[in-house]
Amino acid sequence: MISLILQGATRLLVALILLFSVYMLMRGHNLPGGGFIAGLIASAAFVLYALAWSLREAREALRVSPVKLAAIGALISLASAVPGMLKGFPPFTGLWLFIGGGAGDKGIPISTVLLFDVGIYLAVLGAVLALFFTIEED
Amino acid sequence: MDTEVHSGDQPPTGWGERIWSLVLLAFPLGVTLWLLSMIGPVREHAPIVFGISWIPSLGVELNFLIDGLSLLFGLLISGVGFFVALYAKFYLRGHPLIQRFFFYLLLFMLGMLGLVLAGNLITLFVFWEITTIASYLLIGFNHEKASARRSALQALLITAMGGLALLAGLLLLGMIVGSYNFTEVLVAKQQVQAHPLYLPIVILVLIGAFTKSAQLPFHFWLPNAMAAPTPVSAYLHSATMVKAGIYLLARMCPVLGGSDVWLLTLNIVGALTAVIAAILAMRQTDLKLALAYTTVVALGILVMFLGSEASVAIAAAITFILVHSFYKAALFMVVGIIDHQTGTRELTSLGGLGKRMPITFGIAAAAGFSMAGFPPFLGFIGKELKYEGALAIAEEPTFVAWAAVFANALMVAIAATVALRPFWGRLPEKLQSVREAPPGLWISPLVMALLGLTFGLAPSLVATTLVGPAVTATMGQEETVVLKLWHGINLPLVMSITTFALGVLAFYLQPNIRALLNRIANWLPRNSDTQWDRGLNAFKWAAGVHTRHIQHGILKQYLAAVFAVTSVLLLWGLMRSGGFDMDVDWERLTVKEWAAMALVFAGSLVAIGCRAPLTAICSLGGMGVGIALIFLFFGAPDVAITQLLVETLFLVLVAMTLHRLPHSTEVSGRRVRFVDALLAVSVGTTVCLTLLAVLQQPLISPTKEYFELASVPEAFGRNIVNVILVDFRALDTFGEVVVVLVAAVGAAALLRRKLKPRVPIAAAKEERA
Amino acid sequence: MESALVLVIGVMVAAGVYLMLAANLLCYLFGLILLSNAANLVIFVAGRLTRAVPPLIPKGQEAPVVPVANALPQAMILTAIVIGFGLLAFTLALVVACYRELDTIDSDHMRLAEPPPDSGEH
Amino acid sequence: MQLFLMNILLAISWCALTSDATLDNVVIGMVVGFLAMALSPVRKFNNSYFRRLPKVLILIGYFLKELVLSGLRATWEVLAPASNRLPCVVEVSTDFSDQNQLLLLSQLISLTPGTLVVDIDDEKKLLYVHSMFTSDAEQFRKELREGLERRIREALD
Amino acid sequence: MLQAILDGSSAILALAITLASWLLLLALGLCFYRIARGPTLADRVVALDVLNILAVAYCALLAISSGRDVYLDAAIALALVAFLVTVAFGRFVERNIEDDAPEVAENGGIDDSEHS
Amino acid sequence: MIQSILEWALALLIISGSFFGFTAALGLVRMRDIYLRMSTSGKGATLCCGLLLLGVALLFQDTGVTARAVAAILFLLLTVPVGAHMIARAAFRTGTPMWDGESLKPPKPPKPSRPLKPAEPGLPKDIE
Amino acid sequence: MGWLLALPFLLPIATGLLAMAARRRPRQARAISLAGCIGLFVVVVIIFVRVLDQGTIAAQMGNWPAPFGISLVVDRLSAIMLLLAGLVGLAVAIFAQADVDLRREVLGFQGFYQLLLAGVCGSFVTGDLFNLYVWFEVMLIASFALLILGGERAQLDGGIKYVALNLVSTLFMLMAIGMVYGLTGTLNMAALHVAFAEVDQPAALHMLAVLLIVAFGIKAALFPLYFWLPASYHVPPVAVTAVFAGLLTKVGVYALIRTFTLIFPADFRFAHDLLLIAALLTMLSGVIGAASQFEFRKILAFHIISQIGFLVLGLALFSPLALAGSIFYMVHNIVAKTNLLLISGTARRMAGSFKLAEIGGLYRASPVLAAVFFIAAFSLAGFPPLSGFWAKLMLVSASLEQAAYWVAAVALITGALTLFSMSKIWSEAFWKPHPQDGVRALASLSATERVQRMLPAILLVAISLGLGLFPQPLIHFCEVAAKELLDPAAYVATVLPARDG
Ligand code: NA
Ligand code: NA
């Protein structure tokens, strides 16, 4: 059933796809990409994993149940609103912190917006995987 | 027939029952006394109005108006109500549902009193409908019998439909007058009758009144309503509820009355009702049914008299209301006693009870004489007045007079039948052990009968206190009424004697008449009651047909309907708008743009051209690429990437499920698909047109500029799309993630059946209990 | 160029509707895909087209230097695509479940919730 | 060690993707690469890529040459009005001891236009190769053994 | 050169790009022909696969013709992920013969043009 | 001068690349069986991509772009044969007919070494 | 303020996520869900009081000014809808504790339920058209899941039809929203009000109105777009039907009201004509459909349709009284309809079936249930002095005021036919003896279950009665709400910062 060639290629591909997904996530705020796209790409990696190896191994690799992952992602997105709340802003207000900024260079940004995007990434990943795993195991 | 009646071995009465019966007795008694105290003030002063503002927004006040008319009805309701309640307490003692019975009866009394005392059209209507509900519950009291349920439904539907007509009429009336309060409505005769809506109002109000008062052609529900326990019949269907319609007519006389249409309609409908109901009454062998039909006769006569401008006719009507309430309530209660003691109401199986039940016999005779219009009972005065009134009605004296004579003659016969026949003759074998009823049962009818006699002997007791003010209120002008037992020898007396002679004749010929009528009835097509059934069945049938054709269960036809509606409405919208000047910009597309569009084009066409789903899925993949390219060409790389990813993932998902789906399915016929194709093309075209119409308006988007200017300085992002997604409109993104999450868990719930709670099922069940 | 795309949308809508009207639920699903893609394109076209200038702000700039494509419709489409994916995937699962339980994906034969009148029910 | 190399490879890929070779980005690349490996079946690797880098480069060069040549030939086949091609499926037995080399071989065969691995039997180390230009199975096997198979072994053993 | 692309001053590049666009357009059309004709599912999937790869090429061409590198990301994403479809369909075809081997194997497994 | 040479080189890359793409698609249409179609098309398309991506690298002459272009080529080289193999294997195992020069005939019955068994059901974690 | 207005959906989402995570520990999930519903109720009451006090309130998500960020706006209409959502949410949540079986809870019932409420509340709160679409989708997908949860055969069949038709609606809605954006360049409803006044493309206006009416009309179950409702509402557990009946279709009506009061110009006769025709046909078709049914729940399902007609009627007549009547009708209908469905569930528990032919005897066995049903049913039929009467009165008066006599006639006839169906249920399920003598008394249930089943019903019936006897405060509220709807200037001013010129 399972092709050795597929399995062999998957070894490298899964890592590459995941890498690519993180890349897309990180640069999303400035260039094409973002939590959605990255989440979809990452889920493609695990789908490939499941197709090439087995559902069980894909689940093991993921370590958390996809639904839980998705819920955690959504809650992270929600949690990104908490700093704003503490400062008295309405929900989904972005707060930015620039570390080590200088003239012309704002420094490394840390923001609730990015946290929100990471939450979206995890939520999309978890939800899409939950769909695939359910359909695959049925 | 009241099988629930327990005669000898009554279980002890519970506390609930005692409290309810106490309330039920105390309430009407209190109201009676209060209303009696109002007689003086009402006679001396203008109508008394009091109440509170209820719904000022709608002009509805919870206010009450006490004038002669409402006082008369109020006293009848509370007075007769008290005695009926007393009777019911004994009649239904120990019945398992007696508390509910008391509650319904109380509700009914409340409704009825509110109805006649209401000083606001809407308030009146509210109480009107309360009586409808209460009577529904009371008619269906013996709910385990199918016939009781049917009768209750019939009464409910007919009176409620009338009620809705009435509501419409009252609303229109209120709209014209500018107020729902009687104080203003009753003085607006000129204004109302000149209004173009006057005729509709009259028709609507009359429908309301006629349904409630069982006038032709709505008369049939009333005899069927005899499925109710006898105290209910005595109360609702003789003394009170059916008179609500009469009250309404009388109440509306000052504002709606006097016109030709009003007078003529009331005369004709009333006369027809009286005559036909009288004939129908002759056919009955069930005592209660016979009485029920005579109630219809009485109501017909009342309606007939209200269709008059002569004060004597109105006076006749008012007096007759009084008379009828007393004797009919008494007779119903008598029939109830007979039923209670013998277990039957069937005329043919009764006889010779006079010796066993002398008190009942006496009451029956007194009430019967009153009904037959014998002096010195109040009935006699009533009848004399009736003839006088009939002669006084201007338009159709002969017609009305003949109708009155005819109906009264048959009433005499029926009075004799009901009041005398069960007590005469030979006592049947089965009834040898029958005894006289306990006093609790006969006290009430006795009082009723005695009141009939008392007022007959001293008519002035009621003439000035009740009848006069009532007539005044009905006429809308000051009237004095004189009631006398002896008027001298005049035309009404002659008519009375004729009536009596005819009645006695009819009484003796009754079996023959009954047989004759039955033969005619068999020969006639159908009566109203069966017509009602046919109508109801026809409605149910039509409803079934409607639903089968609309809600047929075939998905693709549902979809076709939705699509057809959409495209037709879009076209209609286009036409209504007057169309638009299409400014199509066939700007030159580059090759690669053509390529992308051609891909989409081809993908769509291949998808529909192929007959198997597997081909379609591949062509859709190709189409997805085309769409992504379009996004890419027109400056949307984010969207393009997402599109490609989603398309890919979805195809994978489909591929993963395909082995669990059938490969081939039936294909619809060519003709069906042709229609589908037409529909599809029309939807496509109309959507196209809509979009083109939208594109004709130049887009001025302040948001576009704002996002471009704010992205970097305020949101610190260079990818504006992403900044919108995670910052400007993060809420959308969040919601959308929730959608995908729910979709995933939902799909899991669909497909997984192995999922179990962490706790074993049994434990979980215990835990929940 | 919008007009050409409008035409493409029209074809997609027509094809989608045609597929949805087939009794086969899989065909319905494919029609749905077509229609949902068409809806996305509608948003895209309605937001007006600009050739090949993505809404990205170059490094060192505070705002786009050349006119860029309208970003808001793109964000809407992204949202709609992902939502559409969820809905479509759920529908697919539903079709699979239907075939498993009802043994058909022909909607003409799905008469359990609304049985035909001659099947003994009213 | 191999995993570490792998991690470095991934970090380099990361830097390539992000077009940023600063130190902190390399560190990020290492971290991301490590996480990616942790989630992927990379740990099932047990060979080394970089032991014989020159041989690898030779292999790549050889492969690219083959790719272009057979690509041109395939193009000719497609465009030619008639052709003398006699496609067939050839069973090719290999004697790789390492499964990964077998996989690499099959991958490269598949990449070359005109040939295609249709199935694989890893116990017998047997490849089923579809070839569109060869009618002589023996000849084909020999070319394969002399060409790709040898170079792979040289590069990876 | 980038500038030449952006302001369209290089005739040869413009010609090359136009020519390439036409060629790729034709190529995509041919892929569609195969998707439509089949005759087996495998044929269609192969055609879809080629279509996806050509789309990567198209992205590259777009990057060249527009002078913007963002389209490269679309190309990478597609290159990494698109083959999943092929893999999944290949798996389906095989699963299918396992599920109902005799009947399907006879008509080439998945020749859906004969099914309907 | 260099500029012009580069332009010519780029034009050559573009045209040859797209030409390979075109022939790949043509092969898809002209070849008689699925194996031949796969042999001629997938790789041709890959070649096409490769050349065009090289063209991108040449055009931008930027490390980042070049790196990504090369990455894209590598990814393609990694994925395309896998996909082709999966389909070829499926076609082979399902006995899709093969062109032997004259007509379509079924291929030799495949002899898979492993018994064909379904993928392990893989009990999901949150179910037990 | 921003948090207060966001809580109606954030709270159920958070609860829903937690409940979903805990779905395999039913007791915890149930507790989470119930707590969430109580919390939601408190939140909506606070919002309601705030709106009573201050009028329309608004907040900007992400602190981005309108019309660029997403606005949350609660005016009186939104506030009362939110209040009802909180009320129905709580009532059904309590009921569901007794009614929904363990298997469905393990599959995630509580989570889906909470997310459904989130979608509903989000739709009521949002002041942004595209955000409305998102909330519709949240609601829709949660309703899909709830509908098929359990996977019984009939559920799948009904589910397919529900899903198939609602997805069409969703796509039309998406297209329409895209085009609205294309016409005006904004998505903020208040800004759309301003922008639509300046649109001079009548064709676009007309056709967009049609698309929106079709899209929302499918959700609201207008004739002839309602097929999905009778096809599916009788298949899930009754708690699900109850919350669907109470809230889902009403969200469609809410969207219609919002769209055609706020966004489209007030003098847009075409839409009102279209809505009027649809409303009349819906009223009749629904009630006639109900007359043809012989199952408790199916009858109620068809009545939902009929009453949607009344709700839309008020919008179509477009006068202060009519709109106030619509809102009052909404309140009345949500309370009564939800209650009737809850009662139908308990009736089945007691008598064993939804089929009227197979049940009976409830009048004797469960007098409390009978009383509650009777009041709710006659309220639905528009009998005074119950809440439905005032609702009907307002709408009929509004029709008569506009000399739309046929409309009034249809409304009244529909009332009579409603009565027919309600009395059919009463007669068959309550009065008629049970054919197999298999009816149980309420008292035979455990005390917990009795409370879980009857507490919501009694609560809701008390509200029905209260609204019937003392309707003035609500009617006054509705009048003010209608005035707000007819003159959105205040709404616009609250949402949009002061505009120059
Ligand atoms: Na709102
Ligand atoms: Na709003």
Side-chain angles (χ1 to χ4, degrees), chain B residues 548 553-556 559-560 563 584-587 589 597 600-601 604 607-608 613 616 620 627 634-637 639 642 646 653 657 660-661 665 676-677 680-681 683-684 687-688 691-692 694-695 699 703-704 707-709 712-713 718-721 724-725 732 736 739-740 743 746-747 750-751, chain C residues 1-4 6 8 10-15 17-21 23-24 26-27 30 33-34 37 42 46 48-57 62-64 69-72 74-75 77-79 81-83 85-86 88-90 92-94 96-97 99 105-108 111 114 117:
Chain B
R548 267 200 301 286
I554 297 169
L555 175 62
K556 68 180 184 208
L559 284 165
F563 287 128
V584 182
D585 61 331
W586 291 109
E587 198 183 314
L589 291 171
M597 287 182 197
V600 179
F601 215 88
S604 314
I608 58 168
L620 287 178
I627 293 173
F634 294 106
V639 182
T642 314
V646 165
L653 208 53
T657 55
R660 270 180 258 120
L661 292 172
T665 48
D676 289 353
V681 168
V683 175
V687 168
C688 256
L691 187 53
L692 279 177
V694 166
L695 290 176
L699 175 73
T703 49
K704 180 174 188 288
F707 291 143
E708 284 166 10
L709 293 178
V712 170
R718 305 191 171 277
N719 180 357
I720 305 177
V721 176
I724 294 177
L725 284 175
D732 282 347
E736 159 241 295
V739 172
V740 183
L750 249 180
L751 295 178
Chain C
M1 54 196 169
E2 271 126 2
S3 305
V6 170
V8 170
V11 172
M12 287 172 76
V13 169
V17 168
Y18 183 78
L19 275 174
M20 288 169 107
L21 291 175
N24 187 332
L26 221 44
C27 283
F30 298 154
I33 295 174
L34 269 168
N37 278 322
V42 165
R48 303 306 194 276
L49 302 180
T50 322
R51 272 209 182 100
V53 190
L56 300 168
I57 300 165
E62 289 280 285
N70 197 348
L72 182 57
Q74 294 189 19
I77 298 170
L78 267 171
T79 308
I81 288 178
V82 179
I83 287 181
F85 175 72
L88 286 172
F90 181 87
L92 179 66
L94 183 57
V96 171
Y99 183 59
I105 57 166
D106 189 331
S107 64
D108 285 355
R111 302 301 296 275
E114 294 169 279

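Here is how names work: the chains are called A, B, and so on, in the same order as the sequence lines, proteins then strands, and each is numbered from 1. Quick caveat, the model's predicted, so the values are computed rather than measured. Because only heavy atoms are used, hydrogens play no part in the values below, and waters and symmetry mates are left out as well, while side chains stay in.
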From [atom1] ([X]) to [atom2] ([Y]), nearest 0.5 Å:
X	Y	atom1	atom2	value
B:T642	C:I81	OG1	CD1	5.5 Å
B:E708	C:E62	CD	CD	14.0 Å
B:L620	C:L34	CG	CG	5.0 Å
B:K704	C:N70	NZ	CG	5.5 Å
B:T657	C:L92	OG1	CG	4.0 Å

Provide the closest heavy-atom pair for [X] versus [Y] in the form atom of the first, atom of the second, distance.
X	Y	answer
C:A93	B:L751	O-CD2, 3.7 Å
B:R660	C:Y99	O-CD2, 2.8 Å
C:M20	B:L559	O-CD1, 3.6 Å
C:A46	B:L699	O-CD2, 4.4 Å
B:F601	C:V11	CE1-CG2, 3.4 Å

Choice from [options] maximising heavy atom contacts with chain C below 4.5 Å:
options	value
B:I724, B:L709, B:V740, B:V681	B:I724
B:V600, B:I554, B:L691	B:L691
B:N719, B:V694, B:D732	B:N719
B:V721, B:V687, B:T703, B:V739	B:V721
B:P637, B:A743, B:S604, B:A747	B:S604
B:G746, B:A680, B:C688, B:G684	B:A680

Within-4.5 Å side-chain heavy-atom neighbours: B:K556 and C:D108: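 In contact.
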Check: C:L88 and B:L653 side chains under 4.5 Å, non-hydrogen atoms: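 No, every pair of side-chain atoms sits at 4.5 Å or beyond.
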Could you check which of [options] has the highest count of heavy-atom pairs closer than 4.5 Å to chain B?
options	answer
C:I33, C:V8, C:L78	C:L78
C:G86, C:A71, C:A63	C:A71
C:P64, C:A75, C:G10, C:P55	C:P55
C:L26, C:V17, C:L94	C:V17

C:I77 portion near chain B, given a 4.5 angstrom heavy-atom threshold: side chain
C:L56 versus chain B, the contacting section by heavy-atom distance below 4.5 Å: both
Side chain / backbone / both / neither for B:V639 at chain C, heavy atoms under 4.5 Å: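 Contact with chain C involves both backbone and side-chain atoms of B:V639.
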Under 4.5 Å from a heavy atom of chain C, the part of B:V646 involved: both
C:Q74 side chain to B:I720 backbone, donor-acceptor under 3.5 Å: no
Intermediate values then yes/no, side-chain contact (heavy atoms from CB on, under 4.5 Å), C:R48 and B:L695: CA-CA 8 Å; C:R48 303 306 194 276; B:L695 290 176; 3.5 Å; yes
